[in-house]
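Accompanying notes for the structure given below.
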Amino acid sequence: MSSYFSSFGTKIPRMGKGCDDVFTFTDVVKPGSCSNYKVPCNFSRQHIGSVSKFDQICSSPVMEEEKRRLRVLSEEAEEYSKELEVAVRAVQMACCLCQRVQDTLISNAGANHRQVQSKDDNSPVTVADWSVQAVVSWMLSECLGSENVSIVAEEDVQTLSKANASELLEVVVETVNQCLAEAPRFGVQEPKSALGTSDVLEIISRCNSTGDPTGRFWVLDPVDGTLGFVRGDQYAVALALIEDGEVKLGVLGCPNYPMRKEWLSYHHRYHRIISKLTPPTSETWNKGCVLYAKRGSGKAWMQPLLHVNKMFVWPNHAKQVSVSSIDNPALATFCEPVEKTNSSHSFTAGLAHSVGLRKQPLRVYSMVKYAAIARGDAEVFMKFARAGYKEKIWDHAAGVIIIQEAGGMVTDAGGLPLDFSKGLYLEGLDRGIVACSGATLHAKIIDAVDASWGSSSL
């Protein structure tokens, strides 16, 4: 059975020779009713049906059932396709914003007081965090309708609304408007006039959902791995769609992700030097990518970041990625968080030794760890939080579905799926999170956790 790809990279089956080859399904794309979207924004679920010759020759009950099955397949393939494309465009746009802010942080350290703040828990938050939240909120509302968009996001407007935050707010508004001026490159018409302070605060404040076991909402981590971002290292922009407690699609933007696996362990300053010496082209690039997947597709995709002055054309040279086939622990690479604040390196080190993982751990900031497994650059990610720490849904939702659709497994340490239906946190999480490229490694780690947990101090 041959196949073709729709505009979303979705593989649709075609019928074979004989009387079957007169019957095909073709996606029909109508011009969008979203006036601000320069490329099709509303994609109808209409398909070309059977032709008269098929009805005359092949109208048996068996063929009618085949027709029904193909209609279902086609509709399932199209479901969430519009949302996925909009989400990828939004993350691409957000990554461009982040690159600009990070370059400013690295090249002008004296301006950091205007760009970086500390939260109540002393973790950093930057102009990029609030600006990305505003841009993604604006993009989703423009293309999907604000009445249809509910967003759970990490940042709020309390800090920006304080009397002594006027300078910070000014920088955020400037950064947002600079980004939205480039919206046409991503297929969306820019605002008719620059957004004011109240406009930006209102857009950010829309991200006030607290999640729900029913219904649909987006989950956004505007800059995951802020410490890495501030240091010029790895970080990610993560966006996922959850419906009735299940992650339906996920998008991970990784602006500093090197295309060569061995570069992951190099210092971030080396990446920056190499990038300046060998600028990427549309088809080949040295760093920076967006990974995405849709539940039930069995595929995960990766595309390069949009280059300066280029127009985004879906699917932007996307290629399919899949997890590694390595199932021998001695050959496997495992990832763990860089920071020790909320995770135990000593426990994961003990687990790695007991399972037979002999390579040095790959310590990477942010959800880039999920991207590494989905791309086949690593095989295992383990995180066991210290007592009292609760995992947040925006730190995992996008990465989990991308690994799953790329062929991997993500569960808690008891082997159960992560539960995204309990609000802002992964409530009921059994000890920690284990992500693997395959079932063999996953089973060994789960067994090792059970054997070692009693002697841990977590």
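Keep in mind it's a predicted model, so treat the numbers as computed, not measured.
Atom CG of Asn309 has 12 or fewer neighbouring heavy atoms from other residues, nucleotides or ligands inside a 6.0 Å radius. Heavy atoms from other residues, nucleotides or ligands lying under 6.0 Å from NZ of Lys359 number more than 12.
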### Query
Can you check side-chain hydrogen bond (donor to acceptor under 3.5 Å, both in side chains) on Glu379 and Ser324, steps first, answer last?
CA-CA 6 Å; Glu379 287 73 38; Ser324 165; 2.9 Å; yes
### Query
Under the side-chain hydrogen bond (donor to acceptor under 3.5 Å, both in side chains) criterion, do Gln303 and Gln92 qualify, and how do the steps go?
CA-CA 10 Å; Gln303 58 180 226; Gln92 282 273 4; 2.8 Å; yes
### Query
So Ser141 and Arg206, side-chain hydrogen bond (donor to acceptor under 3.5 Å, both in side chains) or not? Walk me through it.
CA-CA 10 Å; Ser141 296; Arg206 291 179 196 169; 3.1 Å; yes
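Rounding to the nearest 0.5 Å places CD of Gln102 at 9.5 Å from OG1 of Thr126. One finds the OG atom of Ser297 at 11.0 Å from the CD atom of Gln404 (value rounded to the nearest 0.5 Å). Taking CZ of Phe217 as the start and CD1 of Ile151 as the end, the distance is 12.0 Å to the nearest 0.5 Å. Distance check, rounded to the nearest 0.5 Å: CG of Leu362 to SG of Cys335 gives 4.5 Å. For the atom pair His396 NE2 and Ile403 CD1, the distance stands at 11.0 Å (nearest 0.5 Å). Taking SG from Cys289 and OH from Tyr257, the interatomic distance works out to 7.0 Å, rounded to the nearest 0.5 Å.
Taking the six-membered ring where the residue is Trp, the centroids of Phe186 and Trp138 are separated by 6.0 Å or more.
Here Glu427 pairs with Lys390 in a salt bridge; the nearest charged N to carboxylate O distance falls below 4.0 Å. With respect to Glu391 and Lys383, a salt bridge is recorded, a charged nitrogen being found less than 4.0 Å from a carboxylate O. Ion pairing of Arg375 with Asp377 is present here, as a side-chain N (NZ or NE/NH1/NH2) and a carboxylate O approach within less than 4.0 Å. Using a 4.0 Å cut-off between a side-chain N of Lys or Arg and a carboxylate O of Asp or Glu, Glu243 and Lys248 do not qualify as a salt bridge.
Cation-pi contact between Lys392 and Tyr425: absent, since separation from the ring centre below 6.0 Å together with deviation from the ring axis within 45° is not met. A cation-pi arrangement is present between Lys369 and Phe381 under the rule of less than 6.0 angstrom and at most 45 degrees off the ring axis.
Judged by distance alone, the side chains of Arg295 and Tyr80 never bring a donor and an acceptor atom under 3.5 Å apart.
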Atom pairs and distances, donor-acceptor, side-chain atoms in residues 432-449, under 3.5 Å, two or more places apart:
{"from": "His442", "atom 1": "NE2", "to": "Thr411", "atom 2": "OG1", "distance (Å)": "2.8"}

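Ring orientation note: the planes of Phe347 and Trp453 are nearly perpendicular, at an angle over 60° on the 30°/60° scale. Taking the six-membered ring for Trp and thresholds of 30 and 60 degrees, Tyr292 and Trp314 have ring planes inclined between 30 and 60 degrees apart.
In this structure Glu182 satisfies the salt bridge (Lys or Arg N to Asp or Glu O under 4.0 Å) test together with Arg100, Arg185, sequence neighbours excluded.
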